[in-house]
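Sequential numbering from 1 along the given sequence is applied to the chain's residues.
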Amino acid sequence: MKNGSSILRRNKILVSFFRKRTLFFIILWFVLLSVIFTWPLVTHLTHEIAGDIGDNIYFIWMIGWVKKALFQIHANPLDVWFLNYPEGWNLARTEMAPAQLALALPFSLIGGETFGYNMAMLLSFILAGTMMFGWVRHLSGSASAGWVGGTVFACLPYWHSHFLAGHLNLCGIQWIPLFFWGWFDMLRPGTGEFRKKSAILAALGLGLTAFCSQYYVFMLIFVAAIQGILLILPNRISQLKDMAFWKTFGLFLLIAVSLLILAELPFLTLASSGGMPDRDWGSASMYSASPTDFLLPATTHFIFGKWVGSHFRRDLWIEATLYAGIISLILYFYGMVRKKKEQNWIWSALTIGIVCAVILAMGTDLHWNEQPVIVSLPRFLQNILQKESARIYLPGLILYKYFPFFGKMRALMRFGLFALVLIACGAGLGAKALIERTGSRSIFISVLLITLIILDFAPRPIDRFSEIKPRPVDLWLSERPESGSVMNIPFELNDDQAATYYTLYNNKPFIGGFFNAFPPSQYRSIKEIMDTFPSTESLEKARELKVDFFLFDLEALDSLIGQKPTARWQTFEELKNQCLENGLVELATFDNLSVYGFKEDDENK
């Protein structure tokens with residue numbers, strides 16, 4: 001009898017120990033998962049990145065530049081005077097993701113900008129799971145439900161695809177559950193209660209999301225607004241007459257708008273000056289999600305990925321990886337069926353948000369397997385419309401044409417993320433309903449669900465890493481006394497992520513930058529004339545722009561032979577001869593690069 005009492009007492013002590021330290025063990029769990037789902041990144045943290053060089057190196061440059069500006073030269077990091085030289089460039093012309101940079105900076109001070117970038121990625125994963133855990137536990141009162149919901153959210157293939165693509169900004173999904181945590185509390189039925197904490201949580205979640213991605217904050221506001229309107233207006237008009245509700249909403253607006261102004265003002269200023277033109281409809285249509293995107297496992301899945309890639313079109317796999325998870329969906333629908341009466345409002349809010357996000361993610365017109373669905377028209381419509389077939393247009397087309405700022409977005413697929421957020425929450429609630437029915441087997445069921453979720457989402461180990469380092473030519477340039485700028489030849493290489501990164505090490509102004517869809521006026525104005533390089537006119541313009549170094553990419557030039565109608569040369573030898581005739585001289589060669597400069601400048605050195 002004493003032995004039985006002793007065992008029971010020890011079990012209670014053990015349970016109490018874990019309950020008091022739940023958050024610690026949850027964080028530890030997501031640290032472990034972050035290592036597993038990005039394996040073997042943890043062995044490459046300091047000098048390499050997962051996948052090929054692309055957008056990732058631009059974010060690494062940004063981390064390095066902000067570190068340099070703040071801690072070395074004590075300058076305003078927004079004023080990037082050495083890009084788009086000599087006009088200069090403002091960092092606000094692109095997505096800065098300052099909340100993600102804040103995660104990276106401390107680690108960049110320890111191990112460099114690449115280490116900071118990798119750690120920010122891992123922290124985004126860990127925080128995403130932890131925030132979802134907190135929200136689901138708050139809604140359900142169950143740590144096990146939070147564990148399931150957090151695991152679903154952290155392990156989403158959506159995050160992993162953008163991680164492999166190097167989208168540090170789009171991997172910043174961790175603050176969205178924080179917003180919904182507060183937002184759902186604000187929408188909770190009941191009157192006469194000033195929900196101060198809820199308003200603060202929602203505002204912080206929205207503000208921090210804005211400091212990660214402009215796409216996300218716009219989409220989040222859109223989905224949440226529809227969610228709130230459709231939840232309150234039909235059945236809860238009395239809540240709109242409650243002063244406590246408006247006091248809560250007013251506090252939310254006060255904090256949220258203040259944060260949004262800080263995050264969005266540079267972009268609004270840029271848009272008002274015409275620096276952010278609307279996207280063309282063709283690109284928006286191309287990035288419309290297909291219903292299959294939510295149901296197909298990721299092409300990186302350790303079992304089914306290769307089969308999916310060989311049987312379905314996945315050319316847009318980075319954006320189109322919206323797999324919700326079969327286990328997540330089963331748990332979601334189980335929770336909806338087994339919901340208690342007092343949870344009706346939660347499930348209504350979740351379902352409204354999911355339906356809204358899915359419809360908007362499907363973009364401007366219906367797609368299937370990454371192709372627009374085209375239907376034959378009845379004969380009477382053929383006569384009216386003067387065509388035999390047509391696309392099936394969706395509500396997103398109207399919003400794209402007429403709603404403010406909607407037309408500035410290209411990848412409408414990203415609306416799908418918000419469906420995944422809400423499905424993860426519902427999966428956690430469904431897990432609680434299932435666990436409650438199992439009684440004494442609750443621990444076994446929790447572990448089983450977690451195992452199935454991991455197997456449903458787990459990617460193959462990453463098999464490709466890219467080393468991030470300066471080129472020999474950058475070290476050579478850093479030792480040159482000239483203060484003028486660098487121009488890449490062919491000219492299109494001046495709008496490039498890697499070339500922007502190399503400015504950290506060559507310490508020379510750069511005629512270009514990474515401008516993506518919004519090149520500045522100087523760059524647009526010189527592009528046509530620079531395509532005629534090495535014409536007299538192009539070299540005169542280069543002198544005006546204080547160019548001292550022309551970096552010839554021999555491989556890129558070779559691929560352009562005979563392809564560029566404005567070029568005055570057909571072979572590399574012709575190009576070299578024209579350069580010499582027009583006053584350029586070769587200064588150095590490095591592997592696949594040749595460096596040229598103005599002859600008289602070199603003679604004066």
Side-chain angles (χ1 to χ4, degrees), residues 22-39 41-42 50 99-100 103 118-140 142-165 167-181 205 208-209 212-213 216 297-298 300-302 321-329 331-332 416-431 446-447 449-462:
T22 300
L23 184 58
F24 170 78
F25 285 107
I26 283 295
I27 294 174
L28 198 62
W29 166 250
F30 288 116
V31 169
L32 176 63
L33 272 188
S34 72
V35 172
I36 294 171
F37 270 68
T38 61
W39 183 260
L41 175 65
V42 72
Q100 295 292 81
L103 296 180
N118 284 326
M119 290 303 298
M121 283 291 198
L122 293 176
L123 282 173
S124 298
F125 182 103
I126 296 163
L127 287 170
T130 304
M131 291 295 174
M132 181 60 76
F133 163 82
W135 178 31
V136 175
R137 183 174 67 168
H138 174 74
L139 284 177
S140 65
S142 166
S144 295
W147 186 27
V148 170
T151 300
V152 170
F153 187 55
C155 297
L156 284 173
Y158 175 93
W159 182 91
H160 195 262
S161 69
H162 286 286
F163 159 71
L164 290 176
H167 297 160
L168 181 63
N169 55 337
L170 299 178
C171 285
I173 64 174
Q174 64 267 25
W175 308 117
I176 299 172
L178 184 66
F179 166 78
F180 279 121
W181 186 340
L208 288 168
T209 299
C212 286
S213 168
Y216 286 172
T300 55
H301 190 267
F302 77 109
T321 300
L322 297 171
Y323 181 52
I326 187 65
I327 306 302
S328 312
L329 290 172
L331 287 173
Y332 183 90
L417 168 63
F418 301 94
L420 303 181
V421 173
L422 299 173
I423 288 170
C425 176
L429 298 178
S446 299
V447 172
L449 290 175
I450 292 293
T451 303
L452 292 174
I453 290 164
I454 291 173
L455 292 174
D456 193 16
F457 288 147
R460 297 186 299 273
I462 300 166

Quiz item: What are the two closest heavy atoms between Ala99 and Cys212, and how far apart are they?
Solution: CB-SG, 3.7 Å
Self-check item: Heavy-atom pair of closest approach, residues Ile462 and Thr38
Solution: CD1-O, 3.4 Å
Quiz item: In Å and rounded to the nearest 0.5 Å, what is the CD1 to SG distance from Ile176 to Cys425?
Solution: 13.5 Å
Exercise. Kindly give the heavy-atom pair with the smallest separation between Tyr332 and Gly426, and that separation in Å.
Key: CD1-CA, 3.5 Å
Exercise. Could you tell me the separation between the CG atom of Leu41 and the CD1 atom of Ile36, rounded to the nearest 0.5 Å?
Key: 13.5 Å
Quiz prompt | Which atom of Phe302 lies closest to which atom of Leu455, heavy atoms considered | solution = CE2-O, 3.4 Å
Quiz item: Yes or no on side chain to side chain contact (heavy atoms under 4.5 Å, CB included) for Phe153 and Phe133, after CA distance, side-chain angles and deciding distance?
Solution: CA-CA 9 Å; Phe153 187 55; Phe133 163 82; over 6 Å; no
Quiz item: Relative to each other, are the rings of Tyr216 and Phe418 parallel, tilted or perpendicular (30° and 60° limits)?
Solution: perpendicular
Quiz item: Roughly how far, to the nearest 0.5 Å, is CH2 of Trp147 from OG1 of Thr22?
Solution: 11.5 Å
Quiz item: What distance separates Met131 CE from Ile173 CD1, expressed to the nearest 0.5 Å?
Solution: 12.0 Å
Self-check item: Set of side-chain contact (heavy atoms from CB on, under 4.5 Å) partners for Ala145, sequence neighbours left out
Solution: Val136, Ser140, Ser142, Lys432
Quiz item: Taking atom CG of Leu156 and atom CD1 of Ile453, what is their separation to the nearest 0.5 Å?
Solution: 10.5 Å
Quiz item: Are Ser124 and Trp159 close enough that a side-chain donor and a side-chain acceptor fall under 3.5 Å?
Solution: no
Quiz prompt | Note, Ile454 side chain near Leu33 side chain (heavy atom, < 4.5 Å) | solution = yes
Quiz item: Which heavy-atom pair separates Ser213 from Leu170 by the least distance, and what is that distance?
Solution: OG-CD2, 3.6 Å
Quiz prompt | Considering all heavy atoms, the nearest Phe125-Ala154 contact | solution = CE1-O, 2.9 Å
Quiz item: Measuring from Leu452:CG to Ile327:CD1, what's the distance to the nearest 0.5 Å?
Solution: 4.5 Å
Quiz item: Got Ile27 and Val31 here, is their nearest side-chain heavy-atom distance under 4.5 Å?
Solution: yes
Quiz item: Which pairs with one or both residues in residues 167-181 pass side chain to side chain donor-acceptor pair (under 3.5 Å), sequence neighbours excluded?
Solution: Asp55-His167, Glu95-Asn169, Gln100-Gln174, His162-His167
Practice problem: Could you tell me whether the side chain of Thr151 reaches within less than 4.5 Å of the side chain of Phe30, counting heavy atoms only? | Solution: yes
Exercise. Mind running side chain to side chain contact (heavy atoms under 4.5 Å, CB included) on Thr300 and Thr321 for me, showing each step along the way?
Key: CA-CA 10 Å; Thr300 55; Thr321 300; over 6 Å; no
Quiz item: Is there a donor-acceptor contact under 3.5 Å from the side chain of Asp456 to the main chain of Ile326?
Solution: yes
Practice problem: Given side chain to side chain contact (heavy atoms under 4.5 Å, CB included), test Leu178 with Trp135 step by step and report yes or no. | Solution: CA-CA 7 Å; Leu178 184 66; Trp135 178 31; over 6 Å; no
